[in-house]
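Just so we're clear, the structure is a prediction, and the values are computed from it rather than from any experiment. Nothing fancy with the numbering, it's 1 onward along the sequence.
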Amino acid sequence: MLTKTIFLYFLIFLINLSNSEICPTAIWSKQGITVAGGKNYGNKLDQLADPYGIFLDNNDKIYIADRSNHRVVKWEQNATIGQWVAGLTVDGDDTHELPLNMPNDIVVDENGTVYITDAGNYRVVRWYLNAEKGEVLIDRIQVIGIAQDDQGSVYVSEYAKGQITKWNFNDDEFVGDIVATNIGHTNFIFIDNNRTVYAAGILADRILKIVESNDEPILVAGHYDPTSASDAYNHLNHPSGVYVDQQGSVYVADTGNHRVMRWLKDATNGTLIAGGNGGGAASNQLNYPSDVFLDRAGNLYVTDTLNNRVQKFLVDKSSC
């Protein structure tokens, strides 16, 4: 009986550990594991071509904006081949009613509906689970990043206008509300559980935090230095992707520095957690990474764009 009780407490401990917040001293493996693509540039379902945005659903299924293949694909955990979700099919048939053109980013709701920034077609589209075609939600808009809050509203970053807009697609008429403006050229965005927006300023080398009640955005990572880009730990170099955990730590795809940085809440310097060994294809290297995401256990996923793969870096919480 005592043995069973000890085992039960140990099991509860493991469950709590896997679902717990990530402590400030957590580290990640320096060697990445390829979980999607990595078989050169190509259009087969076990290949990727310039993967860009990434999203993991509640079951840790990996959705990828396979940009130069003009499609969205899904990879199950431990899969050796992806599944077509939306856009151009593997046979190259672009005659269907809603082809995609350079999709940049995706977000997936609890029903499996995929929202896509179809950048080359200047629109946002919605693709229902197992549907053969999607529908246009917003047309004639230059969008890059997309995210969804806990109430179902969808946010997009309008690159040229330097603004983020919020849309409710449950209404009869789709009208975007401006959440932030005059923030410069913004790539990907992230929405936390408080509906706070985090925006990657790809040309300003910074991450901004936008709170609805505040008039001005808050700088949370990097800073703008028009004279030079730097690989110092208080700098970013054309950051494109951002993710924020429950403790407010910010994870950044520091694209120009071929690395992923973690900035603890209110920190003035970042910590290197992946890459940072120059651009390359080794397991400890990245080559212009574009986006980042964490799974339920805290493992890090990176779209390693010019290596045409998604890399997974395992979290080690033993130091917590």
Main-chain N/O of [Y] paired with [X] side-chain donor or acceptor, under 3.5 Å:
{"X": "Asn308", "Y": "Gly37", "value": "no"}
{"X": "Asn69", "Y": "Gly42", "value": "yes"}
{"X": "Ser157", "Y": "Asn187", "value": "yes"}
{"X": "Asp57", "Y": "Asn59", "value": "yes"}
{"X": "Asp66", "Y": "Leu48", "value": "no"}
{"X": "Asn234", "Y": "Thr268", "value": "no"}
{"X": "Asp46", "Y": "Ile81", "value": "no"}
{"X": "Asn121", "Y": "Pro99", "value": "yes"}
{"X": "Trp84", "Y": "Leu88", "value": "yes"}
{"X": "Trp127", "Y": "Val72", "value": "no"}

| Residues two or more places apart in sequence or in another chain: which of them pass salt bridge (charged side-chain N to carboxylate O under 4.0 Å, His left out) with Lys265? | none
| Quick one: salt bridge (charged side-chain N to carboxylate O under 4.0 Å, His left out) partners of Arg309, sequence neighbours excluded? | Asp304
| request: Quick one: which residue pairs count as a side chain to side chain donor-acceptor pair (under 3.5 Å) with a foot in residues 271-294, not counting sequence neighbours? | output: Gln31-Ser283, Ser290-Thr305
Is there a path of hydrophobic side-chain contacts, each under 4.5 Å between heavy atoms of I, L, V, M, F, W or Y residues, that connects [X] with [Y]?
{"X": "Leu272", "Y": "Trp28", "answer": "yes"}
{"X": "Val73", "Y": "Leu306", "answer": "no"}
{"X": "Ile218", "Y": "Phe190", "answer": "yes"}

| message | Assess whether a salt bridge exists between Asp50 and Arg67, defined as any Lys/Arg side-chain N lying under 4.0 Å from an Asp/Glu carboxylate O. | response | no
| said: Between the side chains of Arg123 and Asp139, is the shortest nitrogen-to-carboxylate-oxygen separation below 4.0 Å, so that they form an ion pair? | reply: no
So do [Y] and [X] actually touch side chain to side chain, heavy atoms under 4.5 Å?
{"X": "Val292", "Y": "Leu300", "result": "yes"}
{"X": "Asp245", "Y": "Arg262", "result": "yes"}
{"X": "Tyr63", "Y": "Ile116", "result": "no"}
{"X": "Val242", "Y": "Val250", "result": "yes"}
{"X": "Arg259", "Y": "Asp231", "result": "yes"}
{"X": "Ile22", "Y": "Tyr251", "result": "yes"}
{"X": "Val252", "Y": "Leu236", "result": "yes"}
{"X": "Glu212", "Y": "Lys166", "result": "yes"}

| With Tyr301 via ring pair (Phe, Tyr, Trp, His ring centres under 6.0 Å) - residues at least two apart | none
For residues [X] and [Y], report the shortest heavy-atom separation together with the two atoms involved.
{"X": "Asn307", "Y": "Ala281", "answer": "OD1-CB, 3.4 Å"}
{"X": "Ala36", "Y": "Ile64", "answer": "CB-CD1, 3.7 Å"}
{"X": "Asn43", "Y": "Arg71", "answer": "O-NH1, 2.8 Å"}

| query | Under the criterion side chain to side chain contact (heavy atoms under 4.5 Å, CB included), which of Phe55, Trp167, Tyr115 is the partner of Gln148? | reply | Tyr115
With sequence neighbours excluded, what pairs up with [X] under the side chain to side chain contact (heavy atoms under 4.5 Å, CB included) test?
{"X": "Gln163", "result": "Glu158, Lys161, Thr165, Ile178, Thr181"}
{"X": "Glu76", "result": "Lys61, Lys74, Ala79, Gln83"}
{"X": "Tyr128", "result": "Thr113, Arg126, Ala131, Glu135"}

Enclosure of [X] [atom1] (heavy-atom neighbours >12, cutoff 6.0 Å):
{"X": "Gln247", "atom1": "CD", "answer": "yes"}
{"X": "Asn111", "atom1": "CG", "answer": "yes"}
{"X": "Asn58", "atom1": "CG", "answer": "no"}

| task | Show your working on side-chain hydrogen bond (donor to acceptor under 3.5 Å, both in side chains) between Ser318 and Asp316 and close with a plain yes or no. | result | CA-CA 6 Å; Ser318 62; Asp316 178 6; 2.7 Å; yes
| With sequence neighbours excluded, what pairs up with Lys30 under the side-chain hydrogen bond (donor to acceptor under 3.5 Å, both in side chains) test? | none
| task | List the steps, then state whether side-chain hydrogen bond (donor to acceptor under 3.5 Å, both in side chains) holds for Gln311 with Thr34. | result | CA-CA 5 Å; Gln311 293 292 88; Thr34 301; 2.5 Å; yes
Considering only Ile, Leu, Val, Met, Phe, Trp and Tyr, and joining two whenever side-chain heavy atoms are under 4.5 Å apart, list the other residues clustered with [X].
{"X": "Tyr41", "result": "none"}
{"X": "Tyr159", "result": "Tyr52, Ile144, Phe188, Ile202, Leu203"}
{"X": "Val179", "result": "Tyr155, Ile164, Ile183, Ile189, Ile191, Val197, Leu208, Ile210, Leu219"}

| Pairs in or reaching into residues 98-110: which pass salt bridge (charged side-chain N to carboxylate O under 4.0 Å, His left out), with residues at least two apart or in two chains? | none
